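These numbers come from a predicted model, not from an experiment.
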Amino acid sequence: MNKTIKGGLFLLIVTGLYAQFQTPYTGDRFQSFRFLSTSNILEDDLDYILNPATMTWVKQRLLFTSLSNFATNNDALFGNISSGYFMIGTKLNFLGNLMIAPLYDNYMLKSPEFNGIDTGYTEIETITHMDADSNGTFETQITEKESREAYNEWNTSDIYIGAGKDMGTFKAGLFFLMTSSGFKEIVAGSPQDIYGNFEYSYEIYDNEQGQRLQTETWDGTQDANYGTTKNIFAFSLLYEPYDLMFLNVMGGFGILSFDSTWSANTDYRLDWAPDDPVNNYESSNYTDELDLSNSGTLMFARLYGKRKWEYGGETYFYLDWRREGLSQKDGTKDSNVYYERRTNLGAFDEILISNSQTHQDITNDGNNNSWLLGVKHVIPVFERTFLGIGFAIRNRTGDRSFEIDETYTFNETYDDGDGVPDVDDYTLTATSSRTYEDLNSFYQWDIMVPVGCEIELRKNLFLRLGANSLIRMREDQNTINPLSSTPLVTTIVNGLGDTTTTYDTLIVDDGSTTIKKTKETITNYSFGLGWNVNKNITLDFMGFTNLVNLTNWRLSLKIKF
């Protein structure tokens with residue numbers, strides 16, 4: 001169940017860590033490189049288009065493209081599957097001061113994770129030669145192989161369509177945003193942690209007899225996918241009585257869907273006589289499956305304004321409110337362990353077969369709320385530099401509750417292989433059930449101080465720098481609340497028909513509450529270069545933190561026509 005909660009909460013509450021002045025729900029991928037490289041301080045045409053009312057400030061027809069990356073640190077690991085970002089869009093003018101802007105983007109990032117040995121994919125093979133009698137000849141050879149794989153993969157695509165109209169003092173518009181995001185988690189496994197991606201083999205080979213003495217194999221596969229889709233409709237109304245100030249109100253409503261699937265399958269076999277015709281082996285199969293889906297709604301509102309001062313400085317303020325809610329839905333989780341052992345005793349086979357099954361019916365829902373209050377001030381310096389600083393405080397709360405109705409069954413049969421039903425043979429059945437709540441909640445404060453500047457190095461060439469400091473204080477709480485349970489009832493019937501039933505009343509279903517408090521301080525750096533090639537073409541380059549790491553570089557092209 002921990003994996004369920006991990007994935008579910010992750011996609012329900014995830015938002016940009018450092019996004020404080022962005023248009024609600026449009027995300028950081030649509031934002032201009034000028035905006036991003038100055039830590040969300042200085043806006044550009046693309047940022048205005050994401051607000052249909054301010055779209056009217058952009059008079060030209062435009063074509064936008066953005067690409068990344070030049071290289072990726074995942075190339076060697078994942079066979080040159082490039083991870084990065086792609087965006088294309090345009091802004092067109094129509095009669096009656098009506099403006100339309102369609103945008104599309106796609107973002108994919110595949111990052112290796114620790115697999116218990118190394119990072120990403122690891123394969124190890126060890127061959128041991130043994131000379132038991134020290135006669136200089138290797139009688140046996142032991143070969144052990146193991147491979148593990150672990151990685152995370154993000155994939156997000158967005159479609160934005162905005163329409164704005166200039167009505168003089170008032171400017172208004174509508175937009176539609178469809179965003180689909182997926183998170184794929186591939187975790188590593190091992191013979192000790194069987195639910196994951198791994199292969200393991202162990203072989204003892206007799207060189208003198210030319211046969212295998214013992215083999216052991218494990219083959220595990222696992223796949224976890226968490227996805228959300230948001231369809232958002234919003235309006236924007238801007239009042240601009242004169243050039244020195246404006247006041248903007250935005251609001252929107254959307255439909256949210258959430259899906260979480262998890263599947264794992266592991267096969268195991270240990271054979272004590274792999275090259276003999278006798279049955280001397282044990283084998284198992286482990287499966288684990290989860291299927292959860294939810295629908296819900298989201299709402300947001302923003303009050304946004306600017307005041308321009310006589311010396312050229314500009315002060316902006318932002319007040320955002322957001323709410324996302326998942327409606328109550330049902331899901332299932334199933335675990336199954338099958339085990340078989342056959343031992344040849346010369347004249348007959350001794351057979352033991354067992355199968356344990358755990359089924360969970362899961363009812364779940366959740367909410368996520370946040371508000372933000374921010375301000376930033378931009379001033380011109382020496383006619384060639386813009387310098388800005390901001391301050392924002394954000395509060396976020398969220399909860400996710402799971403009510404789980406669980407049933408457990410266990411079946412086992414044993415046949416000593418003598419062909420005669422007797423007291424040694426038996427059939428065993430065990431059952432139990434319980435119902436409990438798994439409650440999760442968080443409470444978080446973010447304090448953000450972004451600083452950004454743009455310097456005109458020479459005519460039409462601009463250097464942009466940004467730094468964003470974040471102080472985060474967060475509290476997470478998990479509560480397990482038992483509602484009801486039944487004891488484990490075990491019934492054994494032997495080969496003669498004798499029946500024995502036992503009740504394990506010592507199994508106690510305890511509840512628990514875990515509270516985790518964290519505090520962290522992070523500073524993110526960004527930089528960029530802007531080049532107005534001519535009056536119709538602009539190139540923007542952008543990177544983050546590490547200047548020599550090309551995985552963080554992006555390129556944007558803007559064409560006016």
Given the ring of Phe442, does Arg396 sit roughly above its face, with NZ or CZ under 6.0 Å from the centre of the six-membered ring and within 45° of the axis?
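Ring-cation test returns no.
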
Answer yes or no for Lys145 and Tyr200: cation-pi contact, defined as NZ/CZ to six-membered ring centre under 6.0 Å and angle to ring axis within 45°.
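Geometry flag: not set, cation outside 6.0 Å or 45°.
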
Is Glu146 salt-bridged to Arg148, going by a charged N under 4.0 Å from an acidic O?
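Yes, charged N to carboxylate O under 4.0 Å.
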
May I ask you to decide whether Lys230 forms a salt bridge with Glu324, counting only side-chain N to carboxylate O separations under 4.0 Å?
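Judged by the 4.0 Å cut-off on N to carboxylate O distance, Lys230 and Glu324 do form a salt bridge.
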
Give me the ring orientation class for Tyr426 and Tyr414: parallel if the planes are under 30° apart, tilted from 30 to 60°, perpendicular past 60°.
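Rings of Tyr426 and Tyr414: parallel, under 30°.
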
Look at the rings of Trp154 and Phe183 and say which category their plane angle falls in: under 30° parallel, 30 to 60° tilted, over 60° perpendicular.
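Tilted: the ring planes of Trp154 and Phe183 meet at 30° to 60°.
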
Any donor-acceptor pair under 3.5 Å from Asn280 side chain to Asn344 backbone:
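Yes; at least one donor-acceptor contact below 3.5 Å.
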
Does any N or O in the side chain of Arg472 come within less than 3.5 Å of the main-chain N or O of Lys519, such that one atom is a donor and the other an acceptor?
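No.
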
Rounded to the nearest 0.5 Å, how far does CD1 of Ile492 lie from OG1 of Thr500?
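The OG1 atom of Thr500 sits 6.0 Å away from the CD1 atom of Ile492.
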
Inter-residue atom distance Gln328.CD - Ser295.OG, 0.5 Å rounding:
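Between atom CD of Gln328 and atom OG of Ser295 there are 11.5 Å.
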
Looking just at side-chain N and O atoms, do Ser335 and Asp288 make a donor-acceptor pair shorter than 3.5 Å?
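There is such a pair between these side chains.
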
Count the heavy atoms belonging to other residues, nucleotides or ligands that lie under 6.0 Å from CE of Met130, then report whether that count exceeds 12.
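It does not: Met130 CE has 12 such atoms or fewer within range.
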
CZ/Phe348: more than 12 non-hydrogen atoms of other groups inside 6.0 Å
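More than 12 heavy atoms, drawn from other residues, nucleotides or ligands, come within 6.0 Å of this atom.
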
Locate the shortest heavy-atom distance separating [X] from [Y]; write the atom from each residue and the value.
X	Y	result
Thr140	Asp206	CG2-CA, 4.4 Å
Ser354	Phe410	CB-CZ, 3.8 Å
Asp193	Phe198	O-CE2, 4.4 Å

Apply the test ring-ring contact (aromatic ring centres under 6.0 Å, His included) to residues Phe233 and Phe176: give CA-CA distance (whole Å), side-chain angles for both, the deciding distance (0.1 Å), then the verdict.
CA-CA 5 Å; Phe233 302 87; Phe176 168 74; 5.0 Å; yes

For the ring pair Trp272 and Tyr281, is the centre-to-centre distance below 6.0 Å?
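So the answer is no for these two rings.
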
